[in-house]
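Below, read A as the first sequence line, B as the second, and so on, with proteins coming before strands; counting in each chain starts at 1. Note that the structure is predicted; figures quoted are calculated from it, not measured.
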Amino acid sequence: MSSFIRGGTESDRELINRWLAGDARAATELVNRHSDALARFAVSSGEREEIEELVQDTFVRAFSSLGSFRGESSLRTWLFTIERRLMMDRRRAERRVRTTVPVEAEDASTEFDALDSVLAAETETRIRKAIDTLSPTQREVFVLRVEQGLSYREIAQVLGTSEGAARVHYHNAIRGVKECLK
Amino acid sequence: MTECNNEEVRDALPDLLHGRLGEIDRVTMTAHVDTCPDCRAELELLRTLRAAAPLAPGIDAARVVSLLPSGTVASRPAPVMRRTAFKVAAALALVLAGTWAFVAARRGDNVPAVASSVDASGGKQAASPVGIASTPSVRAANPEFEGSERRSVAAQGSADRSDASLSLVSGIKDLSDDQIELLLAGLDEIETIPSAEPQPLGIGMDEIGEEQ
């Protein structure tokens, strides 16, 4: 199994083995490593309420079956798969209109590089509205590819589809966003 | 915004953005982007889109960890192994059941019932040791089989009380040559190991109808 984190730190597989051997600190390291990505994926997918609970449930489910995790995908891909299923379950259970509202400009991240400083709030709003016009699958692929940096193979594993389909969805999503931003 | 015709490069732009390319690929991609206005514009768009990602709430890692099961609990044998063990046990049970049925058939426990069934049907009954006499629909359609069933039960009882070979001899003694031939033909069709498949109701039904 490949480690999602490159560099000199322990790989996900090494941390999993330590945790299975009873080292609780390894669990803390794994949660710290992947929780932000899970939270961003949930928000980018349109979830607005109980994000922390969603992330918690994802980790609880994952760690409950970590002993049988074969490592055919990366740990993060597997976590995204679990979280996506939880989001789908949550949406099915909801009887009211979903509270997935378009993101306002003030919700936009101000991290990353100096480019952020020149981005107008209006541009960010236009971008988020453009993403909201995508189909649910296009939006998921777009989020996983552009915001999370997953490969097409990993995206296919999360969505339960093929690499080719993931590639098509991505290009359609980019084309759709470009159209809206014209 | 126009698009570069090199789809392979366009496919890999998010990988370049996230630093997921190997050194050689990164150098190749960067060289292309530097000379391709379309790819340069698309990479810039991707960077902007990524930067515009919505803000996510912070996660309390300590709280999450407190809810997790123990690592040693999660390392128990995988459910797949338990399912496999169950399948092996089920297979062994089937083998034992088949062996028991074979041994029972070899002991000739069903022969008195067959002989009685042949007797009741007038000799043209296909010899199926248990199936015909025990099928409720057959009994309902053919009252004479009820009688044969009672005789089968009686024959079975006598077989229980006395030596099976003596019961067989006494039963055959009363059969005509045609009936014995039919019985022998049916015995030849009996498989050494009883089939697990249920006997089709159609066996002998046509013949029963013809007799009537």
Legend entry - chain B contact via A:V55 - side chain, backbone, both or neither, heavy atoms under 4.5 Å: side chain
Inset, instruction - Would you tell me whether A:S44 and A:E147 have side-chain atoms, one donor and one acceptor, within less than 3.5 Å of each other? - result: yes
Legend entry - Toward chain B, the part of A:L38 with a non-hydrogen atom under 4.5 Å: neither
Legend entry - Contacting region of A:L30 [heavy-atom separation from chain B under 4.5 Å]: neither
Legend entry - Contact origin within B:L46 toward chain A - heavy atom pairs under 4.5 Å: both
Inset, instruction - Please determine if B:R10 and B:E7 form a salt bridge, counting it only when a charged side-chain N lies under 4.0 Å from a carboxylate O. - result: no
Inset, instruction - List in chain and number order the residues that pass side-chain hydrogen bond (donor to acceptor under 3.5 Å, both in side chains) with A:R85, two or more places apart in sequence or in another chain; answer none if no residue qualifies. - result: none
Legend entry - Residue part contacting chain B, namely of A:V177, when any heavy atom lies under 4.5 Å: side chain
Inset, instruction - Tell me the residues of residues 158-173 of chain A whose non-hydrogen atoms fall below 4.5 Å from those of chain B, in number order. - result: A:R167, A:Y170, A:H171
Inset, instruction - Indicate yes or no for a side-chain donor-acceptor contact from A:E53 to the backbone of A:E50 under 3.5 Å, with no hydrogens or angles considered. - result: no
Legend entry - Those residues that, when tested against A:D89, pass salt bridge (charged side-chain N to carboxylate O under 4.0 Å, His left out) (two or more places apart): A:R92
Inset, instruction - Run the salt-bridge test on A:E47 and A:R90 with the 4.0 Å N-O cut-off and return the result as yes or no. - result: yes
Legend entry - Which residues share a side-chain hydrogen bond (donor to acceptor under 3.5 Å, both in side chains) with B:D15, sequence neighbours left out: A:R145
Legend entry - Among B:I59, B:L13, B:D11, B:V65, residue most engaged with chain A (heavy-atom pairs, under 4.5 Å): B:D11
Inset, instruction - Measure B:A62 against the heavy atoms of chain A and call it side chain, backbone, both or neither at under 4.5 Å. - result: neither
Inset, instruction - Answer yes when A:R33 and A:E29 have at least one side-chain N-carboxylate O distance shorter than 4.0 Å, and no when they do not. - result: yes
Legend entry - Flag for A:T77-A:S74: side-chain donor and acceptor within less than 3.5 Å: yes
